[in-house]
Protein chains: 2
Amino acid sequence: MAQRKPTITDVARTAGVSKGLVSFALNDKPGVSPETRKRILDIAGDLGWRPSLSARSLSTSTSYALGLVIRRKAEVISADPFFPAFIAGVESVLAEEGRALVLSVVPDAAAELRSYRTLAGDNRVDGVFLTDLRNADERFGLLAELGLPAVALGRPDPAVPFPSVQLDDTRGIAEAVAHLASLGHSRIAHVAGDPHMMHGGRRRSSFDDAMRDAGLDPALVVETDFSASSGADATRRLLDDVRPPTAIVYANDPMAIAGLGVAQQRGLRVPHDLSITGFDGTDISGYVYPALTTITSDPVEWGRVAARSLLELVASGSVDSVELPPASLLIRASTGPAPSHRGSDAAHS
Amino acid sequence: MAQRKPTITDVARTAGVSKGLVSFALNDKPGVSPETRKRILDIAGDLGWRPSLSARSLSTSTSYALGLVIRRKAEVISADPFFPAFIAGVESVLAEEGRALVLSVVPDAAAELRSYRTLAGDNRVDGVFLTDLRNADERFGLLAELGLPAVALGRPDPAVPFPSVQLDDTRGIAEAVAHLASLGHSRIAHVAGDPHMMHGGRRRSSFDDAMRDAGLDPALVVETDFSASSGADATRRLLDDVRPPTAIVYANDPMAIAGLGVAQQRGLRVPHDLSITGFDGTDISGYVYPALTTITSDPVEWGRVAARSLLELVASGSVDSVELPPASLLIRASTGPAPSHRGSDAAHS
DNA sequence: CCGCGAAACTAAACCGGTATAGCTTGACCC
DNA sequence: GGGTCAAGCTATACCGGTTTAGTTTCGCGG
């Protein structure tokens with residue numbers, strides 16, 4: 001019963017035509033009469049014919065797959081809520097296009113470059129997504145050398161020689177700072193991400209800008225690697241200051257949650273004594289206490305759009321950059337009036 | 001400068017032999033004299049020859065890739081810290097074997113089955129990992145029909161017709177219950193996972209067993225879908241009871257964190273009024289306040305072992321099931337003596 | 001010194017598609 | 001009525017490996 005998968009030759013034989021013609025018919029190429037084309041398609045359907053991916057790959061040297069290389073240490077990978085959601089978005093598009101996603105998780109820069117080389121050399125993917133853009137990114141040159149199409153994720157930047165799917169996350173930071181300033185906060189700190197990553201640096205500089213716009217001093221900034229533990233460390237450092245901040249803007253949710261933990265451990269009430277904002281709008285951020293005021297983007301949609309862009313780029317050789325709706329502030333319970341505006345409760349702790 | 005990738009024919013030509021012989025030499029097949037073999041290998045190395053994956057796939061009908069299908073809705077995928085870590089473990093093994101991981105994220109059962117069919121039909125992967133085992137799992141029959149090798153993740157179960165990589169998570173639950181009982185808790189509740197998933201049901205039944213072993217009544221159980229929001233709901237339900245529990249054992253960390261949030265919102269102090277345990281030992285669980293007592297497994301190692309098993313299964317046609325070190329209790333700050341043992345503070349709230 | 005078998009190697013088929021060159025056929029034009 | 005051209009189709013090369021059948025070479029026993 002379970003017989004061999006039919007090949008294009010089987011279709012040709014039963015249709016009484018050459019296999020070349022079958023190939024034309026199936027790929028909507030000219031040179032086939034409408035009746036014959038229909039007959040061939042019908043027969044292919046009846047036989048349950050499905051093209052062989054490897055045969056097609058061999059003759060067209062395309063793989064019908066896209067690649068995503070994530071450079072992140074195994075210990076901290078779970079802390080980043082962006083990727084699973086992004087991948088889910090990518091998949092929703094690829095599934096209906098019959099494409100697959102090849103994922104590669106690597107611990108360091110050397111392995112990362114090796115991974116791109118292998119993906120390209122093995123012709124395993126037709127294009128790749130470029131995330132976590134860094135300043136002076138070594139990948140730009142490599143991908144150009146390999147001739148691998150790529151779509152970058154992040155803000156437009158003249159230094160990025162690829163089409164990109166952009167999301168303005170600076171607006172969210174600006175909103176957060178404005179929100180806090182309007183609540184009377186003046187000592188607002190920023191727990192920044194990795195300065196070597198573009199989004200880390202960008203969020204930081206937009207923090208600087210927003211602070212200056214509010215007439216405040218953006219001096220309280222601590223750099224981290226985006227991990228929860230570094231977020232906790234940074235928080236401790238800030239709170240140990242002789243004049244600790246009354247509000248902290250974190251560059252991602254896990255760090256904000258860790259910061260919340262540190263504050264509570266020290267007996268500070270949030271937002272009574274300290275206001276906190278996160279970044280990402282992760283599921284869990286709505287369920288901690290107090291629920292986190294955070295800056296939301298839509299990583300699922302980001303994945304969808306990026307997938308469509310990369311497919312387009314692979315198919316046509318070029319694609320326009322896309323700008324997604326900017327990240328915006330979601331105000332929940334972790335932000336409130338600055339302590340000094342209600343008295344000096346915090347001093348008693 | 002950047003010239004065409006050398007093919008096996010190029011190697012054969014420069015070595016002055018037939019390409020068949022080159023293939024033999026490169027694959028360690030008999031019928032090649034030692035000197036000739038060395039010469040061929042040297043030349044292949046000099047030329048920088050790398051076999052073409054698609055050509056090899058076509059003639060051997062193997063893809064040198066493994067598949068992982070994750071069935072999870074886009075909105076909740078980020079809540080599950082297991083997969084990123086598991087994938088990182090898988091990748092660490094695949095990278096050194098020159099294999100790739102093809103990932104598929106699907107929202108529902110129909111898409112899941114379609115995904116396996118496509119992966120197999122396209123010969124996109126040589127084998128798959130089977131996670132989130134369910135009772136009467138439809139995938140078992142499908143994979144058998146497709147002839148796709150699979151390694152299951154979970155506890156051994158006679159109903160699972162595949163070799164598996166097992167981790168005894170019941171022991172952790174038992175330890176958690178014993179720990180709480182020894183602290184004087186008697187009204188211990190369980191926020192269980194999805195009962196249709198094997199690990200959900202298993203954790204629940206091991207909770208039942210552990211409670212009975214401690215001479216307690218395992219009546220307070222709420223079933224969820226493992227998401228943070230359902231964990232919060234379940235917690236509210238339990239705390240609304242006329243005789244609320246003094247300790248809650250959660251089936252995963254995100255639900256425990258959400259539960260912690262609910263408790264704090266109601267003015268309950270953890271662990272003073274309510275003890276809480278999580279499950280998974282996620283990074284973030286150590287940074288909430290109070291730090292979560294949780295049951296730790298090692299998903300990265302799980303991924304490594306599973307990858308090795310599946311590779312072995314694909315290569316040799318069979319592999320023994322593997323048992324990993326059992327999950328164990330990591331006691332942190334979210335568990336403490338039962339309220340009644342210190343007085344009736346909780347009653348005042 | 002012949003015959004035989006194994007070792008070393010070659011030639012060619014094969015996997016299942018795509019792409020190109022060439023062959024028929026019929027319509028159209030002058 | 002012969003020439004031209006396009007449409008429709010066939011035959012075949014090709015992608016780059018693997019694998020099988022067949023050929024040459026050589027050592028060795030009788």
Side-chain angles (χ1 to χ4, degrees), chain A residues 3-41 43-44 47-65 98-99 118 120-124 126 315, chain B residues 3-41 43-44 47-65 98-99 118 120-124 126 315:
Chain A
Q3 57 223 19
R4 214 178 87 271
K5 255 187 80 172
T7 72
I8 202 172
T9 310
D10 299 323
V11 177
R13 195 175 331 105
T14 41
V17 296
S18 72
K19 67 174 196 168
L21 196 65
V22 175
S23 175
F24 290 156
L26 293 164
N27 294 306
D28 276 327
K29 298 250 171 101
V32 190
S33 76
E35 312 87 66
T36 313
R37 181 186 306 273
K38 178 170 185 338
R39 193 160 51 88
I40 292 176
L41 291 180
I43 290 175
L47 259 48
W49 176 83
R50 302 236 9 222
S52 151
L53 205 59
S54 26
R56 195 176 261 186
S57 290
L58 180 56
S59 57
T60 61
S61 45
T62 48
S63 57
Y64 300 91
R99 256 78 169 182
T118 309
D122 286 353
N123 195 27
R124 189 85 82 163
D126 300 327
Chain B
Q3 57 223 21
R4 216 180 81 272
K5 257 186 77 172
T7 73
I8 201 172
T9 309
D10 298 323
V11 177
R13 192 173 334 104
T14 42
V17 296
S18 70
K19 68 174 194 168
L21 195 66
V22 175
S23 175
F24 290 155
L26 293 164
N27 295 306
D28 276 327
K29 297 251 171 98
V32 189
S33 76
E35 314 86 66
T36 313
R37 180 184 307 272
K38 178 170 185 335
R39 193 159 50 89
I40 291 175
L41 291 179
I43 289 175
L47 259 48
W49 176 84
R50 301 238 8 224
S52 150
L53 205 58
S54 27
R56 194 177 264 183
S57 291
L58 179 57
S59 56
T60 61
S61 45
T62 46
S63 58
Y64 301 92
R99 257 77 169 182
T118 308
D122 287 352
N123 195 29
R124 191 84 81 163
D126 300 326

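Remember, predicted model here, so these are calculated numbers, not experimental data. Each chain gets a letter, A, B and so on, in the order its sequence line appears, and its residues count up from 1.
Taking side-chain N and O atoms only, Ser59(B) has no distance below 4.0 Å to OP1 or OP2 of dG17(D). OP1 or OP2 of dT18(D) sits under 4.0 Å from a side-chain N or O of Ser23(B). Taking side-chain N and O atoms only, Arg56(B) has no distance below 4.0 Å to OP1 or OP2 of dG16(D). One finds no side-chain N or O of Ser54(B) lying less than 4.0 angstrom from the OP1 or OP2 phosphate oxygen of dG17(D). The shortest distance between the side-chain N/O atoms of Ser33(A) and the OP1/OP2 oxygens of dC9(D) is below 4.0 Å. The side chain of Ser18(B) places an N or O atom within less than 4.0 Å of a non-bridging phosphate oxygen (OP1 or OP2) of dT10(C). For the pair Ser61(B) and dC15(C), the criterion of a side-chain N or O lying under 4.0 Å from OP1 or OP2 is not met. Contact check, Trp49(A) against dG16(C): no side-chain N or O comes under 4.0 Å of OP1 or OP2.
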Check the pair Thr118(A) / Arg124(A) against side-chain contact (heavy atoms from CB on, under 4.5 Å), numbers first and verdict last.
CA-CA 8 Å; Thr118(A) 309; Arg124(A) 189 85 82 163; over 6 Å; no

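Looking at heavy-atom distances under 4.0 Å, Arg50(A) makes contact with sugar-phosphate atoms alone, never a base. Among the protein residues, Ser57(A) comes within range of no part of the nucleic acid, since none of its heavy atoms lies under 4.0 Å from any strand.
Pairing each heavy atom of Thr36(A) with each of Val32(A), the nearest pair is CB-CG1, 4.1 Å. Residues Leu26(A) and Ala44(A) approach most closely at CD2-CB, 4.2 Å, considering heavy atoms. For the pair Pro6(A) and Leu47(A), the tightest heavy-atom approach, listed with the atom from each and the gap, is CG-O, 3.3 Å.
Between Asn27(A) atom CG and dT20(C) atom P there is a gap of 13 Å when expressed in whole angstrom units. Atoms CG (Leu21(A)) and P (dT20(C)) sit 16 Å apart, rounded to a whole Å. Across the protein-nucleic acid pair, Leu53(A) atom CG and dG16(C) atom C1' stand 12 Å apart, rounded to whole Å. Taking atom CZ of Phe24(A) as the reference point, atom C1' of dA19(C) lies 6 Å away to the nearest angstrom. In this structure, the CG atom of Leu26(B) is 7 Å from the P atom of dT18(D), given to the nearest Å. In this structure, Lys19(B) atom NZ and dC14(C) atom P are separated by 14 Å, rounded to whole Å. The nearest whole Å value for the distance from the CD1 atom in Ile8(B) to the C1' atom in dT10(C) is 14 Å. Across the protein-nucleic acid pair, Leu58(A) atom CG and dG17(C) atom C1' stand 8 Å apart, rounded to whole Å.
Arg50(B) has its side chain within reach of Asp122(A): a pair of non-hydrogen atoms, C-beta onward, lies under 4.5 Å apart.
Heavy-atom distances to DNA chain D give each of Pro51(B) and Arg39(A) a nearest nucleotide, and the one nearer the 5′ end belongs to Arg39(A). When each of Val17(B) and Ala55(B) is assigned the nucleotide of DNA chain C bearing its nearest heavy atom, the one mapping closer to the 5' terminus is Val17(B).
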